[in-house]
Amino acid sequence: MPLPALVLDWYRAHARDLPWRRPGTTPWGVLVSEFMLQQTPVARVEPIWVEWMTRWPTPSAFAAASRADVLRAWGKLGYPRRALRLHEAAATIAASHGDTVPSDVDALEALPGIGSYTARAVLAFGYGRRAPVVDTNVRRVVARAVHGAGDAGPARTRADLADVDALLPADDATAATLSAGLMELGALVCTARAPRCGTCPVRAECAWQAAGRPAYDGPRRPVQGFTGTDRQVRGRLLDVLRGTAEPVPRAALDAAWPDAPQRDRCLHSLLVDGLAEQHDDGRYALPR
DNA sequence: TAACCGTGGGA
DNA sequence: TTCCCAAGGTT
């Protein structure tokens with residue numbers, strides 16, 4: 001049996017019951033899930049997504065919320081600029097797309113925070129359309145099963161899209177399910193560290209397996225540090241602002257990080273990014 | 001294009 | 001404990 005059919009059968013039997021995969025999830029719900037899942041693990045996204053959809057079931061409902069409420073609801077999912085981009089995207093969808101999430105790649109990619117992956121994920125999972133969805137999981141699965149490499153090298157955007165496109169059947173619904181299946185296989189079986197080849201549904205058709213599972217020899221992507229970086233400092237500062245209903249004096253932020261020049265630089269960048277705001281009395285708060 | 005943007009869990 | 005890394009996007 002060819003690889004796509006193997007993945008489809010496996011996915012239909014083993015797909016996780018994630019809330020955004022349940023019947024009745026709107027394209028808006030899918031869009032929200034995709035924003036939250038950009039670099040954040042499923043387990044942390046689940047509860048926030050459920051709250052989010054109850055509170056803001058449509059783009060216009062969400063667009064009407066204050067940025068402070070948005071950032072508090074986002075909580076500690078990380079990369080809070082995603083929350084602001086989603087907020088901006090929702091405002092555009094409400095104002096210019098009739099409160100309906102666009103269903104073509106170009107309109108989606110024109111929205112803030114939506115790139116090649118997210119646009120196609122919305123098409124596939126929100127609208128059941130045939131679209132090559134290429135994320136880190138899919139790139140790894142294709143690198144191994146199709147190309148026989150130990151892992152995916154640096155992204156080759158066009159080639160990656162073509163690789164996945166070549167696997168998708170013509171039928172929209174089946175192609176969309178396969179896209180979900182390829183991602184699921186990468187997340188649960190064909191994992192980055194210790195792939196579970198013993199239980200892999202694709203094993204018989206896997207080029208990496210056939211080649212004797214050679215070690216990955218390409219360039220390793222550099223691991224980002226975190227401790228002591230501006231990202232950590234910004235996170236500390238934002239955590240203070242998230243935790244208070246009232247604006248706080250400068251001293252409250254000064255207590256969050258000892259290095260004054262770095263702290264000042266980070267506070268400034270939060271203001272520039274629209275993640276924080278200084279009131280007339282000099283105190284700081286989440287943006288209104 | 002390489003660097004930057006948060007956070008926390010598992011090995 | 002330290003290190004890796006998790007459904008990316010932007011500049």
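Of the residues in residues 20-48 of chain A, those lying under 4.0 Å from DNA chain B by heavy-atom distance are A:Q39, A:T40, A:R44. For DNA chain C, no neighbouring residue in residues 240-264 of chain A is found when judged by any heavy atom under 4.0 Å. For residues 112-135 of chain A, proximity to DNA chain B is found at no residue, defined as any non-hydrogen atom under 4.0 angstrom from a strand atom. Residues from residues 148-157 of chain A placing a heavy atom under 4.0 Å of any atom in DNA chain B do not occur.
Nearer to the 5' terminus of DNA chain C, by closest-nucleotide assignment, is the contact made by A:L18 (compared with the other of A:E109 and A:L18).
Residue A:T136 is classed as a sugar-phosphate contact, given heavy-atom separations below 4.0 Å to backbone atoms only. Nucleic acid contact class of A:R234 (heavy atoms, under 4.0 Å, all strands): sugar-phosphate only. Across all strands shown, A:L237 has no heavy atoms under 4.0 Å from either base or sugar-phosphate atoms. Residue-level contact check: A:P222 touches neither bases nor backbone, having no heavy atom under 4.0 Å from any strand. As judged by a 4.0 angstrom heavy-atom cut-off over every strand, A:R139 is placed among residues making no nucleic acid contact. Among the protein residues, A:Q224 comes within range of the nucleic acid bases, having at least one heavy atom under 4.0 Å from a base atom. The residue A:D230 sits close only to the backbone: its heavy atoms come under 4.0 Å of sugar-phosphate atoms, none of a base.
Between A:R130 and A:D171 there is no salt bridge, since no side-chain N of the basic residue sits under 4.0 Å from a carboxylate O of the acidic one. Between A:D239 and A:R236 there is no salt bridge, since no side-chain N of the basic residue sits under 4.0 Å from a carboxylate O of the acidic one.
For residues 256-272 of chain A, the pairs satisfying side chain to side chain donor-acceptor pair (under 3.5 Å) are A:D230-A:Q262, A:D230-A:R265, A:R234-A:S269, A:R250-A:D264, A:D254-A:R263, A:W257-A:Q262, with sequence neighbours left out. Pairs passing the ring pair (Phe, Tyr, Trp, His ring centres under 6.0 Å) check and including a residue from residues 104-136 of chain A, sequence neighbours excluded, do not occur. Judged as a salt bridge (Lys or Arg N to Asp or Glu O under 4.0 Å), not a single pair has a partner in residues 92-101 of chain A (not counting sequence neighbours). Applying the side chain to side chain donor-acceptor pair (under 3.5 Å) rule to pairs touching residues 78-96 of chain A yields A:T40-A:R82, sequence neighbours excluded.
Remark: A:R144 pairs with no residue by the salt bridge (charged side-chain N to carboxylate O under 4.0 Å, His left out) rule, at least two apart or across chains. With sequence neighbours excluded, the residues that form a ring-ring contact (aromatic ring centres under 6.0 Å, His included) with A:W52 are A:W56, A:F62, A:W74. The salt bridge (charged side-chain N to carboxylate O under 4.0 Å, His left out) check on A:R203 picks up nothing, with sequence neighbours excluded.
At a cut-off of 3.5 Å, with distance as the only test, a side-chain donor of A:S116 or A:R120 sits close to an acceptor on the other residue. Under 3.5 Å, the side chains of A:T227 and A:Q232 contain no donor-acceptor pair of N or O atoms. In this structure, a donor-acceptor pair under 3.5 Å is present between the side chains of A:Y284 and A:Q278.
A:V101 places a side-chain heavy atom less than 4.5 Å from the side chain of A:L108. Counting heavy atoms from C-beta outward, A:R67 and A:L275 have side chains that stay 4.5 Å or more apart. Within the 4.5 Å cutoff, the side chain of A:P2 has no heavy atoms near those of the A:E205 side chain. Here the side chains of A:D69 and A:R55 are in contact, with some heavy-atom distance below 4.5 Å.
Distance, A:H268 NE2 to B:dC4 P: 17 Å, rounded to whole Å. Summarising the geometry, the separation between NZ on A:K76 and P on B:dT7 is reported as 6 Å, rounded to the nearest angstrom. One atom, CZ of A:R231, and another, P of B:dT7, lie 10 Å apart when rounded to the nearest Å. Atom CG in A:L77 sits roughly 14 Å away from atom C1' in B:dC5 (whole-Å rounding). Atom pair A:F226:CZ and B:dT7:C1' shows a separation of 6 Å (rounding to whole Å applied).
Nearest heavy-atom pair, A:V189 versus A:W10, reported as atom, atom and distance to 0.1 Å: CG2-CZ2, 3.8 Å.
When the P atom is compared between B:dG8 and C:dG9, the two are found 23 Å apart, to the nearest whole Å. B:dA11 sits 15 Å from C:dA7 when the P atoms are compared, rounded to a whole Å. Only the C1' atoms considered, C:dG8 is 16 Å distant from B:dT1, to the nearest whole Å.
Put simply, chain A comes within 4.0 Å of DNA chain C, heavy atom to any atom, from C:dC4 to C:dT10, going 5' to 3'.
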